[in-house]
Amino acid sequence: DLVVGSLLLLLASPVVAAACLAVLIESGRPLFFSQDRLGHRGRRFKVHKIRTMVVGAETMRSDLEDRNESDGPLFKMSDDPRVTRVGRVLRKFSIDEIPQLWNVIKGEMSLVGPRPALAHEADDWSDELRNRLRVRPGITGMWQVNGRSDASFDEYERLDLFYIDNWSILTDISILVRTVPVVLFRKGAR
């Protein structure tokens with residue numbers, strides 16, 4: 001994680017700089033968005049992303065709850081009005097996620113693992129799904145390469161638990177390799 005994450009962050013730094021410039025030109029500061037998430041053993045940490053929504057988007061979510069397209073505790077909208085024009089492009093290619101490599105370098109996340117959840121999402125988890133806190137969350141994982149936003153919450157749960165119970169270095173390598181075409185061809189991205 002440390003070696004690959006550092007190398008990827010170094011290689012991606014020109015892309016991050018260009019994305020930040022585009023955000024600055026379109027909608028000003030802040031350039032990054034940080035949010036509390038649950039990590040290994042339920043420890044809270046800040047996930048970092050390039051900002052893709054209007055400033056104050058979190059406070060607008062309650063007005064959009066009736067338009068949630070996801071089942072379970074997740075919130076997903078295919079045409080979220082809070083997302084900026086630049087943000088749509090950044091999200092399509094997962095460029096907004098690149099700063100999470102810093103979370104990997106700091107040891108808060110891994111390259112591969114279940115996505116880090118919001119604390120309020122975990123309030124609705126089954127006891128079985130709480131097992132996902134046994135491992136570090138990842139930038140990519142089984143859910144991301146098997147449908148992303150198109151997968152149901154039951155599928156999300158099943159894939160995370162399968163990954164945790166069947167982890168191997170070969171599985172991680174396979175997921176990393178499968179992530180590339182998913183991101184390039186924007187499969188399941190919102």
Side-chain angles (χ1 to χ4, degrees), residues 1-10 12-13 16 19 30-53 57-59 61 70-76 90-91 94-149 151-176 178-179 182-183 188-190:
D1 278 346
L2 182 60
V3 172
V4 174
S6 298
L7 182 61
L8 288 173
L9 188 58
L10 182 65
S13 59
V16 171
L31 303 177
F32 295 95
F33 174 73
S34 297
Q35 188 177 51
D36 282 337
R37 298 288 180 117
L38 295 179
H40 185 224
R41 297 187 178 139
R43 287 189 205 111
R44 291 178 186 247
F45 70 102
K46 294 245 186 243
V47 166
H48 307 293
K49 294 183 174 190
I50 298 171
R51 184 173 59 82
T52 60
M53 292 187 169
E58 295 251 297
T59 61
R61 180 178 158 176
S70 180
D71 60 342
L74 302 177
F75 181 84
K76 300 285 179 191
L90 298 180
R91 285 176 168 216
S94 298
I95 294 168
D96 60 316
E97 308 278 348
I98 295 172
Q100 290 174 39
L101 290 167
W102 182 245
N103 293 109
V104 172
I105 292 166
K106 289 171 52 180
E108 298 165 331
M109 292 177 68
S110 289
L111 291 171
V112 180
R115 287 296 297 156
L118 296 163
H120 74 82
E121 291 172 349
D123 292 342
D124 296 329
W125 286 355
S126 65
D127 289 339
E128 187 178 21
L129 189 55
R130 290 194 178 282
N131 282 322
R132 71 195 305 270
L133 298 176
R134 292 186 330 204
V135 298
R136 276 192 203 128
I139 292 177
T140 189
M142 294 288 278
W143 181 62
Q144 287 76 17
V145 298
N146 288 289
R148 288 169 85 179
S149 297
S152 69
F153 185 74
D154 287 341
E155 185 73 357
Y156 164 86
E157 184 173 353
R158 186 186 67 76
L159 290 168
D160 278 352
L161 295 175
F162 178 84
Y163 171 81
I164 292 163
D165 292 338
N166 298 285
W167 178 88
S168 73
I169 192 70
L170 290 177
T171 301
D172 278 5
I173 291 169
S174 169
I175 290 170
L176 286 170
R178 290 172 58 200
T179 297
V182 166
V183 169
R190 288 192 187 162

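Note that these values count all heavy atoms, side chains included, but never hydrogens, waters or copies made by symmetry.
Partners of Arg132 according to the side-chain hydrogen bond (donor to acceptor under 3.5 Å, both in side chains) rule, which considers only residues two or more places apart in sequence or in another chain, are Tyr156, Asp160. Partners of Ser110 according to the side chain to side chain contact (heavy atoms under 4.5 Å, CB included) rule, which considers only residues two or more places apart in sequence or in another chain, are Asp1, Arg136.
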field: Verdict with supporting geometry, Asp172 and Trp167, side-chain contact (heavy atoms from CB on, under 4.5 Å)
entry: CA-CA 8 Å; Asp172 278 5; Trp167 178 88; 2.9 Å; yes
message: As a quick check of understanding, evaluate side-chain contact (heavy atoms from CB on, under 4.5 Å) for Arg43 and His40, giving each step before the final call.
response: CA-CA 6 Å; Arg43 287 189 205 111; His40 185 224; 4.1 Å; yes
message: Walk me through whether Trp143 and Ile175 qualify under side-chain contact (heavy atoms from CB on, under 4.5 Å).
response: CA-CA 10 Å; Trp143 181 62; Ile175 290 170; over 6 Å; no
query: Between Trp125 and Leu133, does a side-chain contact (heavy atoms from CB on, under 4.5 Å) hold up when you go through it step by step?
result: CA-CA 11 Å; Trp125 286 355; Leu133 298 176; 4.0 Å; yes
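For Ser6 (side chain) and Leu2 (main-chain N/O), a donor-acceptor pair under 3.5 Å exists by modelled atom type. Under the 3.5 Å distance criterion, the side-chain polar atoms of Arg37 are matched with a main-chain donor or acceptor of Pro116. Arg44 places no side-chain N or O within donor-acceptor distance of the main-chain N or O of Asp36, the cut-off being under 3.5 Å. With hydrogens and angles ignored, the 3.5 Å screen pairs no side-chain donor or acceptor of Asp124 with any backbone N or O of Glu121. For Arg178 (side chain) and Met142 (main-chain N/O), no donor-acceptor pair under 3.5 Å exists by modelled atom type. With hydrogens and angles ignored, the 3.5 Å screen pairs no side-chain donor or acceptor of His48 with any backbone N or O of Phe33.
The side-chain contact (heavy atoms from CB on, under 4.5 Å) with Leu176 is formed by just one residue from the set Thr140, Val145, Thr171; it is Thr140.
If you check the side chains of Gln144 and Ser94, you find no donor sitting under 3.5 Å from an acceptor.
Residue pairs satisfying the salt bridge (charged side-chain N to carboxylate O under 4.0 Å, His left out) criterion with at least one member in residues 105-118, sequence neighbours excluded, are listed as follows: Glu97-Arg115, Lys106-Glu108.
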